[in-house]
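Shown next, in structure tokens, is the structure this report addresses.
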Amino acid sequence: MKEQNEINSLKSKISQYANAYITYDETALDSNRRKIVELFYRAGKIIDTLFLKQAYSKNLEILAELKKSQKELDKLRLKYFEINFGPFDRFDDDKPFIGDLQKPMGANFYPDDMTREEFENFIKNNPEKEQDFKSEFTMIRRQNGNLIAIPYSEFYKKELTELNRILVEASAFAEDQTLKNYLIKRAEDFLKNDYYESDIAWMDLQDPLIEIVIGPYEVYEEKLFNYKAAFEMFLTIVDKEETNKLKLFESYLPAIEKNLPLADKYKKFGSRGLESPIKVVNLIYSAGDTKAGSQTLAFNLPNDERVRKVKGSKKVMMKNIHEAKFEKILKPIAQKIIDSSQLPLVAFEAFFNHTLMHEISHGVGPGIIQKNWKTTEVKKELKETYSKIKECKADILGMYNNAFLIDKNVYPKEFEKNIYVTFLAGIFRSSRFGINSAHGAGNAIIFNYLLEKGAYFYDEKNQRLSVNFDKIRETIRELANLILTVQAEGNYEAAKIIIDKYGVESETMKKIQKKIVDIPIDIKPIFQIEKGSNL
Ligand code: ZN
């Protein structure tokens with residue numbers, strides 16, 4: 001009986017992830033690039049293993065056991081293990097779904113039984129070792145009762161030497177010099193245990209088709225101190241059409257800045273351009289850290305502040321992942337909560353355009369401001385309210401600026417309705433991940449404000465939402481003005497009031513969330529490159 005309960009519980013956990021077939025246009029690649037992609041796919045498999053090892057000390061043993069077993073329960077466990085890269089549920093606070101194991105806060109980057117105090121005391125007593133111990137690229141282990149730091153290049157020597165070999169082999173097929181340069185430098189850096197040179201080379205990557213990231217990057221897997229970087233890979237192909245669309249948007253930046261609903265005295269007319277260059281790509285294969293649990297829609301790298309200082313950072317958005325989440329999550333949500341008369345207006349094109357414009361909108365509006373006759377930054381003045389207000393701004397301006405481009409005849413007039421209705425449904429996708437996240441709160445502010453002002457309508461009878469097209473444009477303008485003014489004045493108190501009043505899960509939101517609990521929370525990618533095209 002107990003086993004049956006576990007089987008049922010695992011089945012329902014697995015069903016939270018909708019299988020999504022991740023495709024790309026293979027025919028766009030010439031034979032050399034195909035060879036590179038093939039090699040990178042092999043590199044991705046190594047990255048998967050590296051991350052399994054980093055995430056939990058017993059991962060490989062458990063995986064081998066599960067693979068041997070023929071029991072139904074173990075097959076389900078294996079499936080969920082593969083989604084989570086370990087026996088802990090990433091959607092449920094890392095609770096174990098096999099036995100009563102417990103995931104160490106520091107994952108496998110430190111000895112399982114090491115405490116925060118032990119680490120801190122060690123550094124206090126051995127200050128000359130602080131840098132090595134806090135490095136993103138060392139493992140901490142115990143030797144004769146003492147802590148030691150071992151560079152990744154030594155600890156994972158076998159895997160990193162193999163990665164070095166694969167990248168060097170791939171570089172021989174690269175015709176584009178910037179790609180060749182990146183591959184050679186990254187291959188070297190795997191052995192040097194210092195990724196600076198190749199991060200710089202990555203910022204210069206200009207291959208018209210291949211966009212690839214491979215290495216240790218994010219530090220969130222290590223929850224003890226957030227020091228240690230986990231291995232991941234994104235192998236992608238550039239989407240030319242969307243990249244051209246972005247260029248078009250960028251050319252409108254000065255006009256967009258000028259058109260902001262903000263008092264002239266607060267406007268900066270010199271364009272500061274995009275916060276970071278944006279590329280739109282389609283994912284071919286992802287590996288390691290990024291694939292565990294929920295799937296990333298976009299990434300902004302590198303994290304190394306030294307590189308950011310010289311080169312800035314690059315934002316890469318994956319169109320086919322957006323498409324998969326739209327089909328498997330957003331559309332089913334819309335079908336349950338949007339009034340049937342407006343349902344046909346929910347469209348992928350609108351969803352993706354909004355996402356692009358959201359990113360572009362981060363780069364417009366107040367950044368460096370004047371307050372009390374002093375030069376300061378929005379970020380410093382708004383303190384902990386900053387990121388919620390910032391995400392709210394990007395979303396509200398995403399709509400506002402798209403409407404502006406429609407006025408400029410960049411899109412047909414009818415597209416405006418698609419944008420508003422698709423965004424409304426999207427609010428309930430984003431806010432599922434918690435109203436306290438920057439994106440969740442930003443969305444809640446928009447929803448509750450627009451509902452209060454009558455730009456959104458909730459029909460109690462059929463429990464569905466619709467957009468009031470007579471009011472929406474003006475209300476968006478009003479809210480955009482409010483948010484931009486808070487930023488321009490660095491008005492912390494006003495930001496708090498807005499968040500306390502609107503950035504909360506209102507009763508209406510709760511009712512709507514209840515209707516969509518059964519819809520998958522995320523996708524489980526099934527890669528074309530792995531399964532072939534006849535799935
Ligand atoms: Zn954002």
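Counting starts at 1 for both ligands and their atoms, in listed order. In this text, all values refer to a predicted model and were calculated from it rather than measured experimentally.
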Please report whether the ring centroid of Phe51 lies less than 6.0 Å from that of Phe231.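 Here the rings of Phe51 and Phe231 have centres that are no less than 6.0 Å from each other.
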Contact flag Asp395/the Zn ion (ligand 1), N/O/S atoms, threshold under 2.8 Å: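 Given the 2.8 Å cut-off, Asp395 does not count as a ligand of the Zn ion (ligand 1).
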Any N, O or S atom of His439 closer than 2.8 Å to the Zn ion (ligand 1): no
NE2 (His358) to the Zn ion (ligand 1) to OE1 (Glu391): angle, nearest 10 degrees?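 It comes to 90°.
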Using 30° and 60° as the class boundaries, would you call the ring planes of Tyr195 and Phe190 parallel, tilted or perpendicular?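 Rings of Tyr195 and Phe190: perpendicular, over 60°.
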Going by ring-ring contact (aromatic ring centres under 6.0 Å, His included), name the pairs with one or both residues in residues 281-307, residues two or more places apart or in two chains.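 Of all non-adjacent pairs touching residues 281-307, those that pass ring-ring contact (aromatic ring centres under 6.0 Å, His included) are Tyr41-Tyr285, Phe234-Phe299, Tyr285-Phe527.
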Pairs touching residues 328-347 that satisfy salt bridge (charged side-chain N to carboxylate O under 4.0 Å, His left out), sequence neighbours left out: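 Qualifying pairs: Glu327-Lys331.
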